[in-house]
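Reviewing the structure listed below.
Every heavy atom of this structure was used, including side-chain atoms; hydrogens, water molecules and symmetry mates were not. Each chain gets a letter, A, B and so on, in the order its sequence line appears, and its residues count up from 1. Small disclaimer: the values here were computed from a predicted structure and weren't measured.
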2 protein chains.
Amino acid sequence: MPHQPERKTFIQNLRDHGQRVTPERLALFDEIFAQHRHIDAEELLTSLLAKGHRISRATVYRNLDLMVDSGLVRKVRLGQRRFHFEHIHPGQNHDHLVCSECDRVVEFVSPAISAMQREICRAHGFSPDHHQFQILGLCHDCLEKGAVPSGT
Amino acid sequence: MPHQPERKTFIQNLRDHGQRVTPERLALFDEIFAQHRHIDAEELLTSLLAKGHRISRATVYRNLDLMVDSGLVRKVRLGQRRFHFEHIHPGQNHDHLVCSECDRVVEFVSPAISAMQREICRAHGFSPDHHQFQILGLCHDCLEKGAVPSGT
DNA sequence: CGCCTATTGCGACGGATTCTCAATAGATAA
DNA sequence: TTATCTATTGAGAATCCGTCGCAATAGGCG
């Protein structure tokens, strides 16, 4: 259990809000925090069921929203149909390179982005919560396989 | 018709691919290129019908995809349920501030972003086609109305 | 242990998009 | 111009993702 402290926070959070600590919630939490990267609701459901947990689709969705509200998880649209979810590692926010050929997603961290974000928001009287930055294009592998750089 | 050259390119593109030039395609093309900003499929359908065109929902969707494939139009998710579409103005790409309270979208242009994009891609052996950058937060108006800055 | 009520599971529902298929109509050649 | 070939269209069914309603279940507290 490499995410013990976050798990404790999660449980404490639930208690503080009069919410119950259920096995479904813990299983879902563990599953998300075990993931190195973003994952969608359907994949979460499938892998929980595969591990023998009994949990319904609705519960997965409901609790994902709950974790998003409590700031533990981020819900992102990477341009695909489904929402993806990823646990937040505080102070370390990353963005994504998305390959339009093979759908592979690579994370990157760029400290310059938050400075830029602050600047843009100041100029527009906007109070930022978070951002999403995706660069779409071709990954190294697909380039070598001879994929064509877009448009046509 | 302020987008005459793009229109010619579109028609040429169709011909080159053995695709037909239909009134539905032209009407849809004109509608998107008349828009200053992103618009979704439903809005496009509605405004085409309002202008007296006869066109079906399926045709709108089909041809939006066609224009995306041919590089004339970009399909973006701004976090809302629907995809949005915007025509590409070459060499001028903008990004979005999205208010999570009222869903208002403001565009901004930041030249620094493309430099950053180039840098990141170089480091990852990635060949960028385009990016999407959204900053989610509260717009000026919602802040004044006393909306709470997220998380909880 | 027992109660109160938050949470769950199931299945129905809803919105957005895609698909199916028969009818229509561009494009090409004669 | 007309005939022919087949891409495209319209209409509605189907699908996919996510949400909702409600009865049954089960945390958490006294």
Open item on the list: Across nucleotides 7-12 of chain C, 5' to 3', mark each nucleotide with B, S or - according to how protein heavy atoms within less than 4.0 Å reach it.
Closed with: SBBB--
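If you take CG of A:L26 and C1' of D:dG28, they are 15 Å apart, rounded to a whole angstrom. Note: CD (A:Q12) to P (D:dG28) measures 12 Å, nearest angstrom. The separation between B:D16 atom CG and C:dA27 atom P is 13 Å, rounded to whole Å. Atom P of nucleotide C:dA27 and atom NE2 of B:H17 are separated by 15 Å, given to the nearest angstrom.
The side chain of A:Y61 contributes no N or O atom lying less than 4.0 Å from OP1 or OP2 of D:dT19.
If you check residues 80-87 of chain B against DNA chain D, you find no residue with a heavy atom closer than 4.0 Å. Within residues 38-51 of chain B, no residue has any heavy atom closer than 4.0 Å to DNA chain C.
With values rounded to the nearest 0.5 angstrom, B:H87 atom NE2 is found 8.5 Å from B:H36 atom NE2. Separation of atoms CG (B:L45) and CG (B:D40) is listed at 10.0 Å; rounding is to 0.5 Å.
Between B:V60 and B:A41, the closest heavy-atom pair is CG1-O, 3.9 Å.
With sequence neighbours excluded, the residues forming a ring-ring contact (aromatic ring centres under 6.0 Å, His included) with B:H94 are B:H89, B:H96, listed by chain and number.
Taking the centre and axis of the six-membered ring of B:F83, the NZ or CZ atom of B:R77 falls inside the cone set by 45° and 6.0 Å.
Counting only residues at least two apart or on different chains, the salt bridge (charged side-chain N to carboxylate O under 4.0 Å, His left out) pairs with a member in residues 107-119 of chain A are A:E119-A:R122.
Between its opening and closing five pairs, the helix from C:dC1-D:dG30 to C:dA30-D:dT1 changes axis direction by 40°, a value rounded to 10 degrees.
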